[in-house]
Amino acid sequence: MATAFSAPKLAAQPFSTISPSSQDRPLKIPFLGSTRKLRCLGSSRLNLSRRPSGPVVAVSDVVKAKKPTQNPSLLITKDEGLELYEDMVLGRAFEDMCAQMYYRGKMFGFVHLYNGQEAVSTGFIKLLKQQDSVVSTYRDHVHALSKGVPSRAVMSELFGKSTGCCRGQGGSMHMFSSEHNLIGGFAFIGEGIPVATGAAFSSKYRREVLKEANCDHVTLAFFGDGTCNNGQFYECLNMAALWKLPIVFVVENNLWAIGMSHLRATSDPQIYKKGPAFGMPGVHVDGMDVLKVREVAKEAIGRARRGEGPTLVECETYRFRGHSLADPDELRDPAEKAHYAARDPITALKKYLIENNLAGEAELKAIDKKIDELLEDAVEFAEESPLPPRSQLLENVFADPKGFGIGPDGRYRCEDPKFTEGTAHV
Amino acid sequence: MALRNIMGKRVGIGLMGSRALSTATCDVESGSAKSINLYSAINQALHVALETDPRAFVFGEDVSFGGVFRCTTGLADRFGKARVFNTPLCEQGIVGFGIGLAAMGNRAIAEIQFADYIYPAFDQIVNEAAKFRYRSGNQFNCGGLTIRAPYGAVGHGGHYHSQSPEAFFCHVPGIKVVIPRSPRQAKGLLLSCIRDPNPVVFFEPKWLYRLAVEEVPEHDYMLPLSEAEVIRQGSDITLVGWGAQLSIMEQACIEAEKDGISCELIDLKTLIPWDKETVEASVRKTGRVLISHEAPVTGGFGAEISASIVECCFLRLEAPVARVCGLDTPFPLVFEPFYMPTKNKILDAIKATVNY
């Protein structure tokens with residue numbers, strides 16, 4: 001099934017959409033990096049036939065062909081490969097460590113792990129600059145890590161400590177970082193998409209109205225397949241296409257919304273088709289293959305940077321664990337799980353790097369070890385960090401840094417003995 | 001409380017007892033009772049509802065495998081996928097769709113996975129469900145609609161799995177809001193809600209899903225709506241609450257008893273329309289009242305109760321109406337114990353009110 005690219009219809013736009021660089025390119029260009037994929041709807045065994053198109057080559061095809069070292073059609077350099085590998089291993093190891101800590105009672109609440117989907121996060125976020133923004137969902141630990149939030153900060157946040165990225169206020173589902181422009185994890189599905197749309201508008205405004213010529217910041221909105229049945233998603237596709245916003249909508253289609261199969265919840269399960277309906281290109285990509293994701297991401301992010309408007313990218317991926325750590329994960333077919341486990345993105349990249357002599361086993365093992373040490377340090381740091389002080393409870397409700405934390409006697413309300421009586425006015 | 005005959009059936013009502021909530025004594029009922037927890041009681045109520053009405057439907061996110069809290073286990077297998085089905089992830093769509101079903105004469109039992117997620121549906125509930133009968137001149141109504149949602153703190157829920165939004169809905173004329181405190185209450189109240197000819201929002205205290213265990217009769221029974229229940233007799237101060245908060249309040253009552261303060265504890269059960277007579281009668285007896293709920297204090301339903309009591313019982317009151325509620329902050333994650341209206345806070349307020 002061809003992935004669709006349709007030239008967006010140029011309706012009346014509030015801003016000028018012709019930027020100097022885009023005048024050189026013809027409008028109708030085959031969308032680079034798309035892969036063709038055949039999906040059998042309604043059957044539990046996914047029928048996959050991969051036919052590579054364009055310069056993108058399936059990782060496994062390259063492996064089979066056993067090309068020599070200096071192959072010009074290699075997609076990445078050694079450094080890039082190692083960066084991608086390190087990032088994915090960090091994501092995987094971090095989530096595994098989270099599970100361990102959870103079961104030891106060090107962290108609590110609702111924790112949603114990202115195992116298996118690392119290729120999407122790494123493939124997209126590693127192409128961003130620091131000033132680009134990312135909006136995520138409740139499954140946001142790895143997005144935070146890929147964007148550059150230190151593992152210490154994320155781990156402390158999970159433990160609820162004051163050294164966490166949100167000072168312990170947010171927890172697992174609400175990772176924010178103004179330094180790295182991570183505009184949040186959102187517990188509510190679909191809530192982040194309008195926020196991302198607004199952030200993208202801001203970037204476009206700065207460039208075109210305020211004339212900050214080098215402001216070409218892009219926003220990525222990550223969300224799942226279940227969200228694609230929610231009204232907010234469609235409202236934002238419309239707004240983004242209407243105003244040609246520099247945003248990429250990344251659907252992490254892992255086929256399940258807790259216990260609801262995507263195929264049984266959606267009238268047309270091929271989410272990428274919803275893009276052209278709104279006037280933006282819709283692309284489907286194999287989300288278990290970081291190199292393919294990266295190629296698609298390059299083009300989508302490039303489009304946004306050039307001012308050509310939004311893109312909808314559907315990444316077919318899979319989560320190896322349950323929806324959350326409280327989910328017994330009994331509903332999914334073991335055959336389906338095994339099928340995707342065999343396509344583990346980390347194993348695939350490792351194979352690619354070794355087969356193409358971009359890196360040796362020893363180098364990769366060194367990276368694994370480095371990540372393990374980093375996480376041990378992060379856990380230690382988080383454990384030793386202090387819990388947030390009680391005064392923090394009343395802070396940041398309003399803009400006033402003390403919130404309504406100051407009582408009539410000039411002290412913090414929470415230090416007021418009446419606080420425990422519950423009769424103190426807050 | 002007197003026995004009532006509703007639809008020719010004996011209605012069992014928990015009488016006042018000085019024992020803990022989970023073993024409330026009750027009068028004679030036919031049939032056997034089994035000791036089950038809250039989600040099983042709700043499950044039983046749903047089974048009964050679907051059994052007795054062929055045009056009843058249960059739908060929501062993940063209901064067909066039993067739901068994230070297991071309240072809908074077994075329904076899909078027993079009644080079929082045409083009557084018990086999953087919806088896509090769209091709360092606004094779910095409730096609006098339920099209104100349509102109800103308008104055509106069906107009983108729609110919609111589940112919102114967490115009360116925190118009910119806000120996209122708020123528009124449909126307030127603007128459509130509450131006003132349907134009114135603005136069509138009684139040609140159509142969506143009385144068959146019941147919306148069930150787990151609400152309330154659960155210890156580790158954080159901002160979006162712990163909210164208590166009942167106050168928002170209490171401000172809407174045209175719907176009813178019902179909150180049970182225990183398994184036996186839940187089954188009877190839920191069946192009443194489903195069969196009530198008005199749209200009802202039924203909040204289930206999620207903390208009690210597994211924790212509360214009680215003897216629940218196995219037969220079909222209903223408990224009356226808009227009737228508050230005095231679950232503990234007292235003479236010094238009236239405490240008013242609902243849902244999971246009642247068990248905290250009862251602990252405070254027991255502690256206060258040791259200091260010689262006799263507390264009367266009332267479970268409102270239905271928040272709108274609420275039973276003013278029972279609360280007023282109790283306040284006339286004691287002269288003092290304390291209201292407690294998990295939702296933030298400003299604009300919480302306690303404010304409505306407080307204003308009404310002051311209107312009718314001003315001269316009888318010996319002390320200001322006390323409210324021990326959540327703080328005016330978003331529901332916190334790590335700070336949940338500080339935010340919550342705990343037993344100690346209630347106890348302090350009881351003493352302050354009695355010694356005013």
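Keep in mind that the numbers below use all heavy atoms, side chains included, and drop hydrogens, waters and symmetry copies. Proteins get letters first, then strands, A, B, ... in listed order; numbering begins at 1 in each.
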*side chain to side chain contact (heavy atoms under 4.5 Å, CB included) between A/F110 and B/H161: does it pass, once the steps are laid out?*
CA-CA 9 Å; A/F110 294 90; B/H161 294 81; 3.6 Å; yes

Measure the spacing between [atom1] of [X] and [atom2] of [Y] and express it to the nearest 0.5 Å.
X: A/F233; Y: B/C90; atom1: CZ; atom2: SG; answer: 13.5 Å
X: B/E91; Y: A/F188; atom1: CD; atom2: CZ; answer: 5.0 Å
X: A/I189; Y: B/Q113; atom1: CD1; atom2: CD; answer: 9.5 Å
X: B/Y160; Y: A/E191; atom1: OH; atom2: CD; answer: 7.0 Å
X: A/R390; Y: B/F338; atom1: CZ; atom2: CZ; answer: 4.5 Å
X: A/M260; Y: B/F85; atom1: CE; atom2: CZ; answer: 11.5 Å

Portion of [X] that has a non-hydrogen atom of chain B nearer than 4.5 angstrom:
X: A/H323; answer: neither
X: A/P389; answer: backbone
X: A/T227; answer: backbone

_Suppose we screen for side-chain hydrogen bond (donor to acceptor under 3.5 Å, both in side chains). Which residues come up paired with B/S40, at least two apart in sequence or across chains?_
B/N37

*Tell me, out of A/T266, A/L387, A/I258, who's got the most heavy-atom pairs with chain B below 4.5 Å.*
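When all of A/T266, A/L387, A/I258 are compared, A/I258 has the most.
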
*asked:* Minimum heavy-atom separation for A/G259 and B/F65, please, with both atom names.
replied: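 Shortest heavy-atom separation between A/G259 and B/F65 comes out as CA-CE2, 4.0 Å.
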
*Minimum heavy-atom separation for B/R70 to A/P328, with atom names?*
NH2-CG, 4.1 Å

*Please list, chain by chain and in numerical order, all residues satisfying ring-ring contact (aromatic ring centres under 6.0 Å, His included) with A/F381, sequence neighbours excluded.*
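By the ring-ring contact (aromatic ring centres under 6.0 Å, His included) rule, A/F381 matches no residue at all.
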
*Give a yes or no on this: more than 12 heavy atoms of other residues, nucleotides or ligands lie within 6.0 Å of atom OH of B/Y117.*
yes

*asked:* Is there a side-chain contact between A/R264 and B/K81 in this structure, where contact means two heavy atoms from C-beta onward sitting under 4.5 Å apart?
replied: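 No. Closest side-chain heavy atoms not under 4.5 Å.
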
*Give a yes or no on whether the backbone of B/L89 and the side-chain of A/N229 come within a donor-acceptor separation of less than 3.5 Å.*
no

